[in-house]
Number of protein chains: 2
Amino acid sequence: MGKQMTEMLKGTLEGIVLALLTGKPAYGYEITTLLRDQGFADIAEGTVYALLVRIEQKGLVDVEKRPSEKGPPRKVYSLNQQGTQELAEFWNTWSFLAERIEKLHNNSHSTGEKQP
Amino acid sequence: MGKQMTEMLKGTLEGIVLALLTGKPAYGYEITTLLRDQGFADIAEGTVYALLVRIEQKGLVDVEKRPSEKGPPRKVYSLNQQGTQELAEFWNTWSFLAERIEKLHNNSHSTGEKQP
DNA sequence: CCCATTACTTAGCGCTACTATGTACCAGTA
DNA sequence: TACTGGTACATAGTAGCGCTAAGTAATGGG
């Protein structure tokens, strides 16, 4: 994967996963394939599992172990209240940053233009 | 500053600074105040200088030392060809990520969640 | 029996932003 | 002179996050 993308995912991947969990619990392997389906084709499996451990330890998700017909038991993660709040803060932070960056994006298109 | 913002700036701050340099060279102290003016009030001075050292060593900018009437000489950075290309790749990466995250943002609004 | 698929785990690495501190230069002022 | 404050740059140490790489565990098909 591009180095730029790797760095850019820092701080956003956690929010992305929390967003994926809104309303519908999911387990690690499932989340990995979900991410791939959504265009994040090159995210390493280990990254996702490490992230899940982290958000569990931060208390943002509840975990339930369920047997699988194929392979070891699944760990199903569901967003709890604290996770919901963290996600809300994530959207705030994201909006703040995205807004300013988009402004820069537009400015760099109109080379030489100045705004009041 | 929020920990979320700190992590989110990883991978984007470099692009932000490169974008600030398009068309108009600037020196470190100036860039710091520019960032503050644009809403990034809490970015540490040391962070900016370290970043400038990095992009200089990566060959993304040209540097010229100019005397200042007030204080030590300034190091004026200007985007060169390689930096321009890196910035273009940054916008590609950013657009890719922002598009997918915005999609998630909209979905989380329309999945039965209530909004303020 | 071997192997692909499913499913999760973890140690070590590289990169980036932050904290904290230091250096250097000049102007105003008491 | 001595002191303060603004300008301007530098850097060592720390923490957090994603990646690499390797492993364990369970099931079913060739």
Side-chain angles (χ1 to χ4, degrees), chain A residues 1-18 25-36 40-58 60-61 63-77 86 90 93 97, chain B residues 1-18 25-36 40-58 60-61 63-77 86 90 93 97:
Chain A
M1 177 152 43
K3 217 169 56 175
Q4 277 187 340
M5 183 58 87
T6 293
E7 291 306 321
M8 225 180 269
L9 283 172
K10 294 182 181 179
T12 57
L13 186 56
E14 181 177 309
I16 291 170
V17 169
L18 292 179
Y27 56 96
Y29 194 82
E30 189 184 7
I31 292 172
T32 304
T33 60
L34 273 176
L35 286 170
R36 298 205 199 285
F40 302 102
D42 300 316
I43 290 184
E45 240 192 310
T47 299
V48 175
Y49 287 112
L51 188 153
L52 291 172
V53 167
R54 211 167 62 232
I55 63 177
E56 181 186 355
Q57 273 163 359
K58 284 206 257 180
L60 309 180
V61 287
V63 189
E64 192 191 349
K65 218 164 210 171
R66 282 193 213 155
S68 161
E69 325 82 43
K70 247 199 132 178
R74 299 166 172 166
K75 285 177 74 176
V76 178
Y77 296 84
E86 179 83 359
F90 169 77
T93 309
L97 186 62
Chain B
M1 178 153 42
K3 219 168 51 174
Q4 275 187 341
M5 183 59 86
T6 292
E7 292 305 322
M8 226 180 269
L9 283 173
K10 294 182 181 178
T12 56
L13 186 56
E14 182 178 309
I16 291 171
V17 170
L18 292 179
Y27 57 96
Y29 193 81
E30 189 184 6
I31 292 172
T32 305
T33 60
L34 274 176
L35 287 170
R36 298 205 199 285
F40 302 102
D42 300 316
I43 290 186
E45 239 191 312
T47 299
V48 175
Y49 287 112
L51 189 154
L52 290 173
V53 167
R54 212 166 63 230
I55 63 177
E56 180 186 355
Q57 272 163 0
K58 285 206 254 180
L60 308 180
V61 287
V63 189
E64 192 191 348
K65 218 166 211 170
R66 284 192 213 156
S68 163
E69 327 81 44
K70 256 200 121 170
R74 297 165 173 166
K75 285 179 74 177
V76 178
Y77 296 84
E86 180 82 0
F90 169 77
T93 309
L97 186 63

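Below, chain A is the first sequence line, B the second, and so on; all start at residue 1.
Counting all heavy atoms, side chain and backbone alike, Leu52(B) lies closest to Gly28(B) at CD1-CA, 3.5 Å.
Atom-to-atom, NZ of Lys65(B) to P of dC9(D) comes out at 9 Å; the value is rounded to the nearest Å. We find that CZ of Arg66(A) is positioned 13 Å from P of dA7(C), with the value rounded to whole Å. The distance from atom OH of Tyr29(A) to atom C1' of dT27(D) is 13 Å, rounded to the nearest whole Å. Per the geometry, CZ belonging to Phe40(A) stands 11 Å off P belonging to dC19(D), to the nearest Å. The distance between atom NZ of Lys3(B) and atom C1' of dT16(C), rounded to the nearest whole Å, is 16 Å. One atom, CD1 of Ile55(B), and another, P of dA10(D), lie 12 Å apart when rounded to the nearest Å. Here dT9(C) presents its P atom at 12 Å from CD1 of Ile31(A), a figure rounded to the nearest Å. Rounded to whole angstrom, the span from the CD atom of Glu69(B) across to the P atom of dT7(D) amounts to 12 Å.
Put simply, the side chain of Arg36(A) gets close to the backbone of Ile43(A): a donor and an acceptor are under 3.5 Å apart.
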Counting primed atoms plus P, OP1 and OP2 as sugar-phosphate and everything else as base, spell out the protein contacts along nucleotides 17-24 of chain C at 4.0 Å heavy-atom distance: B, S or - for each nucleotide, 5' to 3'. SBBB---B
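One finds a side-chain N or O of Tyr49(B) lying less than 4.0 angstrom from the OP1 or OP2 phosphate oxygen of dC9(D). Contact annotation: Tyr27(A) reaches the phosphate of dA7(C) (side-chain N/O to OP1 or OP2, under 4.0 Å).
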Check the pair Glu14(B) / Leu60(B) against side-chain contact (heavy atoms from CB on, under 4.5 Å), numbers first and verdict last. CA-CA 11 Å; Glu14(B) 182 178 309; Leu60(B) 308 180; 3.8 Å; yes
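Annotation: side chain of Val17(B) is not in contact with side chain of Tyr77(B) (no heavy-atom distance under 4.5 Å).
Contact annotation for Lys75(A): backbone-only contact, meaning every heavy-atom pair under 4.0 Å involves sugar-phosphate atoms and none involves a base.
Of the candidates dT9(C), dT6(C), dC9(D), the closest approach to any side-chain atom of Lys70(A) belongs to dT6(C).
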